[in-house]
Amino acid sequence: MSAPVRIAISTGGGDAPGLNSVIRAATLSAIRRGWEVVGIRDGFDGLMFPERYPEAGGTIELVRNVVRGIAHLGGTMLGSTNRGNPIAFPVQQPDGSWMTVDRTDELVGLFRAHGIEALITIGGDGSLTIGQRLQSAGLRVVGVPKTIDNDLDMTEATFGFDTAVEVATEGIDRLFTTATSHSRLFVVEVMGRYAGWIGLHAGMAAAAHAILIPEIPFDLRAVADMIRRREARGARFAIIVVAEGASPAGGERSVIGRSVGQAERLGGIGSWVASELERLTGKEARTVVLGHLLRGGTPTSLDRLLGLRFGTAAVRALEDGRDGVMVALRSNEIGLVPLAEAVSRMRTVPLDGDTVQAARDLGISFGDEPVGDEPTGEEP
Ligand code: F6P
């Protein structure tokens with residue numbers, strides 16, 4: 001297969017720090033090869049609904065000066081969306097109910113109409129699944145893994161995660177001041193969807209006393225025991241990190257919204273944990289939801305570098321005639337993995353991994369310790 005001469009770049013799903021580094025890297029390395037690069041606005045909306053962009057246009061020619069000075073900026077210069085998934089496009093019926101339709105073939109036709117031979121799709125599981133579908137429908141696609149959640153299988157890292165952990169760690173660090181001054185409990189809710197990577201890494205880095213993650217259903221009586229034991233030693237405050245997807249043993253995830261064709265929106269577990277801990281311990285508990293702060297602002301140098309490596313590797317893959325693949329970090333080298341495999345499984349925190357073991361050795365509670373038992377070790 002010969003190398004393409006006109007390629008497109010699209011960013012979909014939640015923004016993640018480092019997206020602009022990928023866009024810049026892919027654009028510059030494509031231009032160096034004499035290719036043309038088209039940026040699609042807001043996922044695929046710019047192609048599917050150009051009428052929504054009367055002034056700027058639904059697509060943008062990415063030339064050298066358009067991608068100048070963007071690698072250190074958060075967000076995505078192309079815009080993003082997690083609505084209007086083309087493979088499960090929501091359509092309202094005359095009776096008011098909703099159904100979804102697959103608009104993949106129509107979208108592939110639009111790429112062809114724009115003279116675009118290949119797509120670099122930068123996204124998480126949702127956008128990469130769309131990419132996989134477009135590839136099956138005849139478009140050449142290379143995926144670039146993006147998510148602050150770090151939950152994509154087949155890659156050891158996704159850009160955005162490091163920045164999210166850094167911001168969460170600083171946020172938790174700052175709460176120690178008031179927690180110690182007022183002898184309070186602070187419950188810090190962090191993003192991460194169904195994986196506990198952000199909560200685990202930031203919680204450990206910031207020396208939280210309990211970390212509740214989706215992979216370990218929790219019992220708050222165990223956390224309350226830990227708080228009481230700290231209290232008995234004169235440590236009258238505690239910081240509890242809870243990942244938004246965490247749930248009590250035998251309970252449900254806390255969901256705040258669901259729409260047709262979209263992923264469910266998680267949230268609210270932090271305030272529930274805080275009110276339960278108040279009830280169980282009699283101590284004042286406050287909730288801080290870090291939410292989208294974790295996705296905003298300047299990417300760390302690690303995320304920028306990963307974005308630059310991924311973006312250039314995606315172009316090299318197309319040049320080598322590869323498609324239907326995702327660039328991935330494997331043993332600290334960028335490799336290619338089949339797109340279909342990359343989206344087939346979510347990567348969650350391994351419970352037998354050394355990071356969870358380290359947290360347990362430090363005395364951090366996951367809320368799964370035996371309740372009411374004598375402590376087996378010192379809490380931090
Ligand atoms: O996947 C990234 C993420 O930030 C998750 O951690 C979070 O659950 C979700 O996106 C929030 O998405 P939105 O900004 O659409 O509410």
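Whatever order the structure lists them in is the order used to number ligands and atoms, beginning at 1. Predicted, not measured: the structure shown is a model, and the values here were computed from it. Only heavy atoms go into these numbers, but all of them, side chains included; no hydrogens, no water, no symmetry mates.
- With respect to the salt-bridge test (charged N to carboxylate O, under 4.0 angstrom), the residues Arg228 and Glu231 do not qualify.
- For atom 6 (O) of ligand 1, the nearest non-hydrogen atom of the protein is Asp149 OD1, 2.7 Å.
- For ligand 1 and His292, the ligand atoms under 4.0 Å from any heavy atom of the residue are 13 (P), 14 (O), 16 (O).
- Shortest contact from atom 8 (O) of ligand 1 to any protein heavy atom: Glu244 OE2, 2.5 Å.
- Judged by the shortest distance from any of its heavy atoms, Gly124 lies outside the 4.0 Å radius around the atoms of ligand 1.
- An N or O contact shorter than 3.5 Å links Gly192 to ligand 1 by distance.
- Residue Ile148 places a heavy atom less than 4.0 Å from ligand 1.
- Taking 4.0 Å as the cut-off between side-chain N and carboxylate O, Asp45 and Arg52 count as a salt-bridged pair.
- Using a 30° and 60° split on the angle between ring planes, Phe176 and His209 fall in the tilted class, from 30° to 60°.
- Asp219 and Arg221 are joined by a salt bridge, as a carboxylate oxygen and a charged side-chain nitrogen come within less than 4.0 angstrom of each other.
- Considering Ile240, Val187, Ile269 in turn, Ile240 is the only one that fulfils the side-chain contact (heavy atoms from CB on, under 4.5 Å) rule with Leu212.
- Side chain of Ser331 to backbone of Glu333: no donor-acceptor contact under 3.5 angstrom is found.
- With a heavy-atom cut-off of 4.0 Å, Ile198 does not touch ligand 1 at all.
- Nearest to atom 15 (O) of ligand 1 among the protein's heavy atoms is Asn82 ND2, 2.8 Å.
- Between Glu156 and Arg347, none of the side-chain N atoms (NZ, or NE/NH1/NH2) sits under 4.0 Å from a carboxylate O, so this pair counts as no salt bridge.
- Protein heavy atom closest to atom 9 (C) of ligand 1, with residue, atom name and distance, is Arg193 NH2, 3.3 Å.
- Shortest contact from atom 4 (O) of ligand 1 to any protein heavy atom: Arg295 NH1, 2.8 Å.
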